[in-house]
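Counting starts at 1 for both ligands and their atoms, in listed order. Owing to the predicted nature of the structure, the values given are computational and were not obtained by experimental measurement.
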Amino acid sequence: MAGSAAVAAPGPSAPRRLNVNVGVLGHIDSGKTALARALSTTGSTAAFDRAPQSRARGITLDLGFSCLRAPLPPHLGPGPGELQLTLVDCPGHASLIRTIIGGAQIIDLMMLVIDVTKGMQTQSAECLVIGQIACQKMVVVLNKIDLLPEGKRQAAIEKMTKKMQKTLENTKFQGCPIAAVAAKPGGPEAPETVNPLGVSELIEVLKSQAYLPTRDPTGPFLMAIDHCFSIKGQGTVMTGTVLSGSVSLGDNVEIPALKVTKKVKSMQMFHTPVTYAMQGDRVGVCVTQFDPKLLERGLICTPESLQTIHAAVISLKKIQYFRGALQTKAKFHITVGHETVMGRVMFFSPAPADFSKEPLENAFDFEKEYLYQEEYLSKGSKSSEENKENDQTGEGQLPRQQWALLEFEKPVTCPKFCLVIGSKLDTDIHANTCRLAFHGVLLQGMEDKNYVETFLPKLKVYKLKHKEGQVERVLDDYSVIGRSLFKKETNIQIFVGLKVKLSTGEDGVIEGGFGQSGKFKIRIPNGLKPDTKVFLTVPSKKKSKAGKGDTAKEDESSKVDSAQPVTISLLFKRYVFDTQKKMIQS
Ligand SMILES: Nc1nc2c(ncn2[C@@H]2O[C@H](COP(=O)(O)OP(=O)(O)OP(=O)(O)O)[C@@H](O)[C@H]2O)c(=O)[nH]1
Ligand SMILES: [Mg+2]
């Protein structure tokens with residue numbers, strides 16, 4: 001059966017049938033629901049009356065789900081058959097963006113609905129961003145063309161089409177089809193008898209854009225449920241889209257949100273019993289003894305194939321339209337697969353030696369070391385400017401891959417390698433700004449609640465620490481006294497044995513504290529250079545008193561005495577998750 005790929009073929013004589021999920025996305029009030037309605041009525045009455053099956057209702061006509069059917073277009077395979085376009089009408093309101101992100105992940109083809117009198121609006125832009133992350137193909141629909149004065153209509157449509165083409169120029173949807181319609185001419189008050197404009201033409205565009213979505217029966221079964229209801233004498237039917245793997249009659253499936261497992265009693269596709277369904281199929285799965293009220297939307301899967309995690313390592317990219325900086329320790333709304341929770345982030349980049357390495361997809365190398373970042377490095381970010389200064393090549397290059405550690409406020413249940421989107425949903429929804437901040441792939445989930453102790457120490461992210469102080473005076477040819485490197489209260493003992501470098505070139509080793517004010521003794525194993533000694537040994541009566549008395553005064557006097565102070569620099573790295581806070585030098 002697996003060979004039947006995208007097409008449900010219950011018997012050798014049955015027609016080929018293909019389902020394609022079409023998302024309807026756009027700004028609030030752009031007319032998405034009106035369009036979905038116009039498409040499904042046009043689709044099932046006027047245009048496709050000839051095919052008797054097209055009259056049959058789809059397995060789901062849930063709130064946001066409706067469908068239209070058409071003869072299978074020739075580019076989707078030989079012979080007669082049927083194409084079902086399942087319309088997934090997403091909400092437009094800004095507060096429902098999580099639902100939109102969830103919806104976008106089951107979509108094969110996205111329609112971006114634009115009010116032709118308004119053009120791109122804030123949520124149209126957000127939908128475009130989500131589409132670029134989650135969808136392969138797009139059609140732009142300019143709606144409400146009836147509101148354009150008839151004489152100038154064509155010119156106005158052309159102008160908006162050009163504008164949209166320009167907007168899409170730098171996106172993966174460059175050159176995508178743009179159709180103009182009026183889904184509900186006259187608006188809400190118009191009688192139901194008024195026919196929509198341009199909808200038949202739009203259906204042709206959708207047919208031409210329909211493609212065979214990725215179909216892979218391997219791996220664990222995962223399905224997004226959009227509707228759940230009971231049928232008397234049968235059981236409970238859950239309908240939805242198979243996101244990965246396959247399912248057969250008699251298989252056990254788990255409802256992870258409820259932690260229950262049920263056996264698949266029967267299945268239907270296109271209103272026809274089937275024994276098997278795979279990735280991309282829309283199917284109704286019937287189980288017994290399950291109260292449909294317990295599940296409205298959600299996931300079902302192969303038992304124990306999902307992980308419930310408290311933290312994760314992801315590989316990520318900043319969303320270019322997000323205006324703010326991405327700062328370590330900041331909180332974001334994080335959508336992991338199909339769930340959204342609050343979480344805190346910590347960004348890190350490759351260690352300098354691995355800076356231009358090929359990015360690793362779907363894997364994270366725990367053997368490698370990584371550099372902690374205060375913020376995600378992007379063009380113009382503060383730390384990337386600093387990088388530029390320290391960068392020997394002087395080019396200020398950005399790394400090819402960056403990662404984040406996410407720590408969730410509540411555990412989330414998700415598949416491996418799922419999509420992750422970070423957003424700032426608390427941003428004022430009236431502010432004209434993109435709330436989506438980053439997107440990425442989950443590489444490693446942490447299922448242990450005590451991951452801070454059990455897991456994080458394996459993550460070798462380090463901070464480079466640089467401390468600077470000054471040489472106060474020479475003790476003898478092989479030792480000097482330093483100051484201003486530590487605070488008075490610092491326990492200098494833990495720094496003993498660390499290597500330092502003087503600005504005059506000598507290498508030294510911290511030997512221990514000296515006096516009470518944070519001063520310390522440095523041994524210079526190869527001895528001070530004669531020049532340095534001359535430089536530092538400025539005859540001064542005050543200086544001989546050093547180590548006693550008022551420090552402030554001392555500082556002043558040494559400034560007066562040595563024209564050019566000799567600085568001491570201490571460089572070490574410290575692993576962020578090392579509980580012992582060891583200081584490491586190369
Ligand atoms: N004049 C005119 N009005 C339209 C057209 N399509 C939709 N409308 C009106 O626009 C308003 C919004 O339409 P909906 O279909 O509810 O918009 P929506 O995008 O689904 O809205 P949300 O789901 O809330 O984001 C309604 O009052 C519709 O009657 C059209 O082609 N022309
Ligand atoms: Mg709507």
Between V129 and H439, is there a side-chain heavy-atom distance shorter than 4.5 Å?
no
So for ligand 1, is D89 a polar contact partner (N or O within less than 3.5 Å, distance only)?
no
For A182, the atoms of ligand 1 under 4.0 Å from one of its heavy atoms are 31 (O)
Problem - V20 side chain near Y211 side chain, heavy-atom distance below 4.5 Å - result: no
- Answer yes or no: does an N/O atom from V181 fall short of 3.5 Å to an N/O atom of ligand 1? no
Of Q123, E189, K32, the one whose closest heavy atom lies nearest atom 19 (O) of ligand 1 is K32
Counting from 1 in the order shown, the ligand 1 atoms closer than 4.0 Å to a non-hydrogen atom of A34 are 6 (N), 7 (C), 15 (O)
Short version for D146: what comes under 4.0 Å of ligand 1, heavy atoms counted, is side chain
Is it the case that T86 and N19 place a side-chain donor and acceptor less than 3.5 Å from each other? yes
- Do T340 and T335 have side-chain atoms, one donor and one acceptor, less than 3.5 Å apart? yes
Inset, instruction - Considering only NZ, NE, NH1 and NH2 on the basic side and carboxylate oxygens on the acidic side, decide whether K144 and D29 come within less than 4.0 Å. - result: no
If the contact criterion is a heavy-atom separation under 4.0 Å, does G26 count as touching ligand 1? no
The protein heavy atom nearest to atom 16 (O) of ligand 1 is T33 CB, 4.3 Å
| task | For the pair R215 and D281, find out whether any cationic side-chain nitrogen is under 4.0 Å from an anionic carboxylate oxygen. | result | yes
Cation-pi check, K317 onto F438 ring (under 6.0 Å, within 45° of axis)
no
With heavy atoms and a 4.0 Å threshold, my read on which part of N143 contacts ligand 1 is side chain
heavy-atom search around atom 26 (C) of ligand 1 in the protein gives P188 CD, 4.4 Å
Q. Should Q279 and D216 be marked as a side chain to side chain donor-acceptor pair (under 3.5 Å) after you check the CA-CA gap, both sets of side-chain angles, and the distance that decides it?
A. CA-CA 6 Å; Q279 187 180 49; D216 178 3; over 6 Å; no
Ligand 1 atoms nearer than 4.0 angstrom to some heavy atom of G187 are 1 (N), 2 (C), 3 (N), 29 (O)
Atom 4 (C) of ligand 1 has as its nearest protein heavy atom K184 O, 3.5 Å
From the list N143, V205, V141, side-chain contact (heavy atoms from CB on, under 4.5 Å) partner of M111 resolves to V141
Ligand 1 to I28, heavy atom cutoff 4.0 Å, flagged ligand atoms 24 (O), 25 (O)
Polar contact flag for L147 and ligand 1 (N/O pairs, less than 3.5 Å):
no
Between C176 and V140 the two heavy atoms that sit nearest each other are SG-CG2, 3.9 Å
Among non-hydrogen protein atoms, atom 13 (O) of ligand 1 lies closest to G31 CA, 3.7 Å
With a 4.5 Å cut-off on side-chain heavy atoms, are Q105 and L243 touching?
no
Looking only at protein heavy atoms, what sits closest to atom 21 (O) of ligand 1 is D29 N, 3.2 Å
### Query
Do D146 and V194 come close enough that some side-chain heavy atom pair is under 4.5 Å?
no
Atoms of ligand 1 under 4.0 Å from any heavy atom of G186, numbered from 1 in the order shown, are 1 (N)
message: If you measure every N or O of A183 against every N or O of ligand 1, does any of those distances drop under 3.5 Å?
response: yes
Nearest non-hydrogen protein atom to atom 10 (O) of ligand 1, with distance, is K144 NZ, 3.1 Å
